[in-house]
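The chains referred to below are lettered A, B, ... by the order of the sequence lines, with proteins before strands, and numbering in each begins at 1.
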Amino acid sequence: MPVIEVSPSEIPVGKALWEYIKAKDLKQIVAARVDDQIVDVHTPIKATPKSVQLLQPDDKDALMVLRHSTAHVMAEAVKKLFPKAQVTIGPATDSGFYYDYDYEPGFSPEDLEKIEAMMRTIAQTRAPFRRFTMSRDEMKKMFADMGEHFKVEIVDGIPANDELSYYKQGEFVDLCRGPHLPHTGYMKGLKLTHTAGAYWRGDEKNKMLRRIYGVVFFSEAELKKHLEQQEEAKKRDHRKLGKELELFGFHPWAPASPFFMPKGALVYNQLIEYMRGVYEQRGYQEVITPQIFDAELFKRSGHYDNYRDNMYFASTHASTETDEQDAREFSSKPMNCPGHCLLYGMHKHSYRALPYRMADFGRLHRYERSGVTAGLTRVRTFCQDDAHIFCTMGQMQSEMLAFIDLVGEVYPAFGISEWEVKLATRPEKSIGSDEAWTLAEKSLHDALNQRAIKYEVLKGEGAFYGPKIEFHIKDAIGRSWQLGTLQVDFALPERFDLTYVDSDNTEKRPLMLHRAIFGSLERFFGVYLEHTGGNFPGFLAPEQVRVIPVSGDQNPYAQEVLEILLNQGIRAGLDISNEKLGAKIRDAQLMKVPYAGVVGKKEVSERRLAIRKRGGEDLGALPLEEAVAFLVKESAAPKLGTPKGV
RNA sequence: GCUGGCGUAGCUCAGCUGGUAGAGCAACGGUUUUGUAAACCGUAGGUCGCGGGUUCAAGUCCCGCCGCCAGCUCCA
C-alpha cells in the first residue's frame, strides 16, 4: 500500500499536514501528493486541495524525496567535517544521490567513512526539514554572508517570477525547491559509494568540483538487497565474461580496440551471418568499400569540418618525406556513408531501381577520448550492421516504417523485450537547410506516431547531417546504451550531387536513410553478453555441444558421435581429457556450452546419447538419431516473420 | 582530455610500517579409467605495467609516462 488517500475536506487549510498525520497517529509518511504535486508535510496547505495522498516508503516518489533529503544531510555532514568545502548542487538520481562540492584536497575513501558516520549521527537526531521562503535579494545576501558563492550564482539563474525557498535541517541551510522528508530519521540503509570529479554546471570549461555519490533506502534490508544486486551485476560484466569465456581481450598497444579470439570471432561472425539473412529477406544489397580515403572525401561530406576530432589521419612514409606531390592527406573512415555516396554516384539510377538499400560491414575507426572508452561498449574500432537506403521522397515514410518494424522483430529474436526510443533533433553544428531539417524531423515523428511508439525527444542531439531515432537498451548494471538508429539525411545526396532519373525523365535528388539495428557489433556483443550472462542461445554459442565420454573406453564411440554432429553442421567439441566425469561436466558448464552429450557403457551398447542441458537439466539418454535431430534444432538461428510489403 | 582509484605468474589474489617474490586454479609430465559442477603426485612459469629518482637496500617511498576501472564531458 504505497499511498493513503485522504479526503481533502479533512485537511485543515493554513496548517501543516504533519498535524493531521500526528493526530491520526499515521506512521511512515514520507511526503504528500497534493493535486499531483509532491509536497513535504511541514509546509502549510494554502487552499483546500482537490486530492491528497500521503506517500509511504514504497512509493516511487517517496524514494526520490528520501534520496534528495539524504543529499542535503550529506552536505550538512561535509560542512561540519570540512568547513572550507563550498556546497553547490545535490540532486536525487535514478539510482541514488550525489552532491558536488568545491573542496580542494578532495575527499579520500577514509573521508567518506567519516562523512557517512556523521550522517548516521544526524539521522539519529531526527531533525525536521523546514521550508522557508525569502525574497531574491535576501536570499542572495544570506548565501553571500555564508560564503556560499555557488548558491548565489544558482539564485541568479532562477527565473524572476519563481518563488525562492530554502530548507533547513539542524543548523544546515540549503537553497532548494523541495520537497523533503519530515525529518532525518527516515534514512536507514545508507552508503556513500564513491567520489568523482564533475564540472560545475556540466561544462568542462568550468571548475572541476568533487562529487560524492551515495545510495539510500528506507531500510537496511533494502540496502543489503541493492548491494547484492550490484554484486550480481559485476558477475555479468561483459569484460569479465569475455575473459572467462575466452571471447575477446585487449592490449595496451591497441587501446580501446578489442581482439576477438576464435570463440569471440565465431559469435561475432554469427551475428553478421544472421544479419545477412535478414538483408536477403528485406531487399538489402551488401557492398564492400575502402578503408582509407583521401581527406577530400571527408571535406566533401562535411566530416572534415564537423567530425575531424574523432577521425584518424593516416600518413605514409612517402607523404612525410620530401615528395610534396605525394603529400595527400588520407583518413581512415569513421563512417561508411561518404564512401557509399561515391559508390552510388558511379552509375546512373532509375526511379525503378529505388530504394537502393546498401549494406556494409566495413570497419570503422573513431578516435574517442581516453576517458570515455570502456570494454566493448565504447571502442575506437568497430563495425556496424550499417546500411544506407537511397530512396525517393515518396518512399521515405514506408522505408522508415519498414525499418521500425524490423527493429521490433530483431530485438525480440534475441530475447530483448524492452527498449527505449529517442528522437534526436538538430544540433548546433550541422549542415543542410532549415526546410530539410524540419521535414526530416517531422517524418520521424510521424513514423513513430503511426506505430504508436512512445519516445523521448533529445533536443539538439542529432547527427550533424540529420535528425535521428535512437533505440536504447539497458545493460546489466542499468546503464543505457544506444544500439539501433535511423537517420534522415538530405545533406549528403546534395553534397555528392546524387541523382536518379524519375518517371518523367528528369533528374531528381534521392534522400538517404542511415540505419543500423545492432548499432556497432562490438557494443551489441558486449551488451548482449551481459544480457544473457554468457549463456548464448544455441545458434550463437561458440561451442554448441560437448561430447563427454565417461571413461577412456568410450572414446571411439564419442569420436564417432562428434563426427556425426560436425557433419550436421553443429559446432561440437570432444573432451577426452584424463578427468572424471564430474570434472568434465564442470568444465563444459563453466564454458557455458548449451549441451553436454555424455556417453558411457550403456550409451555405447545401445547407440544412445545422454543429453545434459547447460544448468543441469538431464534430458535422458536418447537414441543417437533422435539426439542429433534435437541438437540440430536447438542450434538453429531464429527466423523472422514475413516482411510486410517489400 | 579532466577528477579519483588501481596495475604482482595465463586467471583469481597474498605480500604489515622498505630487507632482493608466494598460494589456488590453468599449463606441462606421470599415476588413476572414472556416470552428471573440481581424483592424486610432480614439474615449469614472474624485467612485480614502463622509465627515472631517493636509499646500503624499492613490489613496497617520490616523479613522469602507459594501460585499466568509476565518474565528468562526449558518443555507435
Side-chain angles (χ1 to χ4, degrees), chain A residues 98 100 105-109 111-112 193-213 234 237 239-240 243-244 246 249-256 307 309-310 334-335 364 366-380 382-386 424 461 463 468 470-472 477 479 481-485 487 514 516-524 526-527 548-555 576-590 596-603 610-619 621:
Chain A
Y98 66 80
D100 288 346
F107 301 103
S108 67
D111 291 339
L112 289 199
T193 52
H194 58 287
T195 58
Y199 299 105
W200 168 236
R201 305 214 142 150
D203 187 335
E204 65 182 321
K205 290 185 195 78
N206 287 341
K207 185 169 191 183
M208 179 158 276
L209 308 170
R210 310 291 176 150
R211 175 172 299 180
I212 301 177
Y213 282 91
K234 269 191 197 167
D237 188 314
R239 291 164 296 201
K240 185 172 147 69
K243 209 184 271 185
E244 286 170 1
E246 298 166 6
F250 292 88
H251 191 279
W253 285 355
Y307 206 71
D309 291 350
N310 286 83
M335 296 183 193
L364 308 178
R366 296 185 190 172
Y367 173 72
E368 299 286 352
R369 299 207 281 176
S370 63
V372 309
T373 59
L376 289 182
T377 47
R378 193 76 183 275
V379 292
R380 289 184 178 149
F382 58 101
C383 112
Q384 298 177 309
D385 57 325
D386 198 12
E461 293 191 22
K468 59 180 176 178
E470 301 175 353
F471 299 85
H472 294 249
I477 334 170
R479 287 181 298 205
W481 292 102
Q482 178 184 335
L483 297 180
T485 181
Q487 313 180 359
H514 306 241
I517 300 172
F518 291 148
S520 99
L521 270 290
E522 279 71 4
R523 175 175 294 175
F524 184 80
V527 173
I548 302 178
V550 175
S551 79
D553 292 344
Q554 292 90 45
N555 284 358
I576 49 166
S577 67
N578 199 1
E579 292 286 350
K580 291 173 72 171
L581 179 61
K584 293 186 196 182
I585 291 284
R586 180 170 187 270
D587 288 345
Q589 180 69 38
L590 287 176
V598 178
V599 292
K601 267 187 196 163
K602 277 184 291 184
E603 286 76 16
I611 297 179
R612 178 194 195 272
K613 211 169 170 173
R614 174 176 58 199
E617 194 188 340
D618 187 356
L619 303 183

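For A:Glu603 against B:G35, a side-chain-to-base donor-acceptor contact under 3.5 Å is present. The base of B:A38 is not paired with the side chain of A:Gln589 by any donor and acceptor separated by under 3.5 Å. Evaluation of atom-type donor-acceptor distances gives a pair under 3.5 Å for the side chain of A:Arg369 against the base of B:U73. A donor and an acceptor atom sit less than 3.5 Å apart, one in the side chain of A:Arg378 and one in the base of B:C74.
At the heavy-atom level, A:Glu522 lies nowhere under 4.0 Å from the strands shown. Base contact: A:Ala610 has a heavy atom under 4.0 Å from a base atom. If you check every strand for non-hydrogen atoms under 4.0 Å, A:Gly375 touches sugar and phosphate atoms only. Residue A:Glu244 is classed as having no contact, given no heavy-atom separation below 4.0 Å to the nucleic acid. Base contact: A:Arg366 has a heavy atom under 4.0 Å from a base atom. A:Ala256 comes within 4.0 angstrom of the backbone, heavy atoms only, and of no base. Among the atoms of the strands shown, only primed sugar atoms or phosphate atoms (P, OP1, OP2) are found under 4.0 Å from some heavy atom of A:Leu483. Looking at heavy-atom distances under 4.0 Å, A:Tyr98 makes no contact with the nucleic acid at all. Across all strands shown, A:Gly202 has heavy atoms under 4.0 Å from sugar-phosphate atoms exclusively, and none from any base. In this structure, A:Gly600 reaches the bases: a heavy-atom distance under 4.0 Å links it to at least one base atom across the strands shown.
Phosphate proximity of B:U12 to A:Lys243: present, with a side-chain N or O under 4.0 Å from OP1 or OP2. Contact annotation: A:Lys468 reaches the phosphate of B:A76 (side-chain N/O to OP1 or OP2, under 4.0 Å). Side-chain nitrogen and oxygen atoms of A:Arg239 include at least one within less than 4.0 Å of the OP1 or OP2 phosphate oxygen of B:A70. The side chain of A:Tyr367 places no N or O atom within less than 4.0 Å of a non-bridging phosphate oxygen (OP1 or OP2) of B:C75. OP1 or OP2 of B:A76 sits under 4.0 Å from a side-chain N or O of A:Gln482. The phosphate of B:G35 (OP1 or OP2) has no side-chain N or O of A:Arg612 nearer than 4.0 angstrom. Within the structure, every side-chain polar atom (N or O) of A:Thr195 is placed at least 4.0 Å from both OP1 and OP2 of B:G4.
Ion pairing of A:Asp203 with A:Arg201 is absent here, as no side-chain N (NZ or NE/NH1/NH2) approaches a carboxylate O to less than 4.0 Å. Between A:Lys468 and A:Glu470 there is a salt bridge, since at least one side-chain N of the basic residue sits less than 4.0 Å from a carboxylate O of the acidic one.
Side chain of A:Ser551, nearest nucleotide from B:G35, B:U33, B:A37: B:U33. When distances are taken from the side chain of A:Met208 to each of B:U3, B:U36, B:U34, the shortest belongs to B:U3. Taking every side-chain heavy atom of A:Tyr199 into account, B:C2 is the closest of B:U36, B:C2, B:A39. Distance from the side chain of A:Ser370 is smallest to B:G1 among B:G67, B:A76, B:G1. When each of B:C72, B:A70, B:A76 is scored by its nearest atom to the side-chain atoms of A:Val379, the top-ranked nucleotide is B:A76.
Spacing of C1' atoms, B:A9 relative to B:C13, comes out at 11 Å, to the nearest Å. Here the separation of B:A14 from B:G59, taken at their C1' atoms, is 12 Å to the nearest Å. Using atom C1' as the reference point in both B:C62 and B:C41, the two lie 48 Å apart (nearest Å). Distance noted for atom P between B:C28 and B:G67: 34 Å (whole Å). Of the C1' atoms belonging to B:G24 and B:G15, the separation is 15 Å, rounded to the nearest Å. Spacing between B:C63 and B:C16 at atom C1', rounded to whole Å, works out to 26 Å. To the nearest whole angstrom, the two C1' atoms, one in B:G5 and one in B:G49, are 16 Å apart. Nucleotides B:A57 and B:A70, compared at atom C1', are 37 Å apart to the nearest Å.
Looking only at distances, no side-chain donor or acceptor of A:Gln482 sits under 3.5 Å from a matching main-chain atom of A:Phe471.
Regarding A:Leu619, its CG atom lies at a distance of 16 Å from the P atom of B:U36, rounded to whole Å. Here B:G5 presents its C1' atom at 13 Å from CZ of A:Arg210, a figure rounded to the nearest Å. Atom-to-atom, CZ of A:Phe382 to P of B:C75 comes out at 13 Å; the value is rounded to the nearest Å.
Ring-to-base geometry does not place A:Trp481 in a stacked arrangement with B:A76 (centre distance under 5.5 Å, plane angle under 30° required).
Ranked by how close their nearest RNA chain B nucleotide is to the 5' end, A:Arg523 and A:Ser577 are led by A:Ser577. Across the interface with RNA chain B, nearest-nucleotide mapping of A:Phe107 and A:Arg586 shows A:Phe107 to be the residue nearer the 5′ end.
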Nucleic acid footprint by protein, nucleotides 44-51 of chain B - heavy-atom cut-off 4.0 Å, B for base, S for sugar-phosphate alone: --------
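Consecutive Watson-Crick or G-U pairs involving RNA chain B, each under 3.5 Å on both distances, make up stems of three or more pairs at B:1-7 with B:66-72, B:10-13 with B:22-25, B:27-31 with B:39-43, B:49-53 with B:61-65.
Once rounded to the nearest 0.5 Å, the distance linking CZ of A:Arg366 with CZ of A:Phe382 reads 3.5 Å.
Looking at residues two or more places apart in sequence or on another chain, you find a side-chain contact (heavy atoms from CB on, under 4.5 Å) between A:Asp553 and A:Ser551.
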